[in-house]
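For reference, the structure is listed below as structure tokens.
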Amino acid sequence: MREHDWYYDNDEEAPLDADLDDPNPETATRWIAVERIYRLDWRRFTSEGWETLRRIYQVLPGHLPSSADSARWFSLDEERELYLWASVEPPGLQVEGVLTLAMWHDWDSRFRREVIGHDLPRTPLLS
């Protein structure tokens with residue numbers, strides 16, 4: 001499975017190909033809304049896989065350990081800019097929020113590296 005074959009965006013507002021080294025600081029600090037589905041294969045998850053996912057959540061930037069209802073980062077208040085949450089859904093892990101392009105790029109790349117590094121079961125996108 002290729003690196004980009006296991007997730008998709010429901011929203012086109014989060015271009016990961018943006019040049020974050022662009023000398024124009026407005027590029028990295030632009031606020032964006034994200035809605036991404038990571039195609040994790042829940043049917044093949046073991047109890048160890050669920051525990052690994054929980055630990056991955058904890059090492060990601062902005063993790064909020066006090067969130068009782070779902071995995072959250074940066075803020076519990078969805079009325080403010082700068083929040084991110086995740087929910088287990090039938091097609092995969094749904095992640096939504098509003099944050100800067102640089103913050104999203106950092107969070108997303110770390111999440112994908114952790115999932116791949118721990119070899120959590122993923123489902124490829126259909127061609």
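Note that this is a predicted model, so its numbers are computed, not measured.
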Exercise for the section: List the steps, then state whether side chain to side chain contact (heavy atoms under 4.5 Å, CB included) holds for Thr52 with Val115. Expected result: CA-CA 9 Å; Thr52 297; Val115 167; over 6 Å; no

Exercise for the section: Check the pair Phe45 / Leu120 against side chain to side chain contact (heavy atoms under 4.5 Å, CB included), numbers first and verdict last. Expected result: CA-CA 8 Å; Phe45 258 59; Leu120 290 178; 4.1 Å; yes

Exercise for the section: List the steps, then state whether side chain to side chain contact (heavy atoms under 4.5 Å, CB included) holds for Arg39 with Leu125. Expected result: CA-CA 8 Å; Arg39 302 266 307 175; Leu125 298 174; 3.8 Å; yes

Exercise for the section: Starting from the C-alpha separation in whole Å, work towards a yes-or-no answer on side chain to side chain contact (heavy atoms under 4.5 Å, CB included) for Leu84 and Trp104. Expected result: CA-CA 9 Å; Leu84 198 63; Trp104 169 242; 4.2 Å; yes

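In this structure, Ile37 and Asn10 have side chains that are in contact, with non-hydrogen atoms separated by less than 4.5 Å. The side-chain heavy atoms of Ile32 and Thr100, taken from C-beta on, include no pair separated by under 4.5 Å. The side-chain heavy atoms of Trp50 and Trp42, taken from C-beta on, include a pair separated by under 4.5 Å.
Annotation: side-chain contact (heavy atoms from CB on, under 4.5 Å) contacts of Ser75 (sequence neighbours excluded): Asp77, Arg80, Tyr83. Remark: Ser47 pairs with no residue by the side chain to side chain donor-acceptor pair (under 3.5 Å) rule, at least two apart or across chains. The ring pair (Phe, Tyr, Trp, His ring centres under 6.0 Å) check on Tyr8 picks up nothing, with sequence neighbours excluded. Considering only residues two or more places apart in sequence or on other chains, Tyr57 meets the ring pair (Phe, Tyr, Trp, His ring centres under 6.0 Å) condition with Trp73. For Glu51, the side chain to side chain donor-acceptor pair (under 3.5 Å) test picks out Arg54, with sequence neighbours left out. Residues passing the side chain to side chain donor-acceptor pair (under 3.5 Å) test with Arg110, sequence neighbours excluded: Asp106. Tyr38 is linked by a side chain to side chain donor-acceptor pair (under 3.5 Å) to Asp108, counting only residues two or more places apart in sequence or in another chain.
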Please output the side-chain donor-acceptor pairs of residues 88-99 that fall under 3.5 Å, not counting sequence neighbours, one pair per line with the distance.
unit_1: Glu89; atom_1: OE2; unit_2: Ser87; atom_2: OG; d: 2.5
unit_1: Gln94; atom_1: NE2; unit_2: Glu96; atom_2: OE2; d: 2.2

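With Trp6 as the aromatic partner, Arg122 meets the cation-pi criteria of under 6.0 angstrom to the ring centre and within 45 degrees of the ring axis.
Between the side chain of His118 and the main chain of Glu114, a donor-acceptor pair closer than 3.5 Å is present.
The structure places NE2 of His63 at 13.0 Å from CZ of Arg55, a figure rounded to the nearest 0.5 Å.
With respect to the salt-bridge test (charged N to carboxylate O, under 4.0 angstrom), the residues Asp9 and Arg36 qualify.
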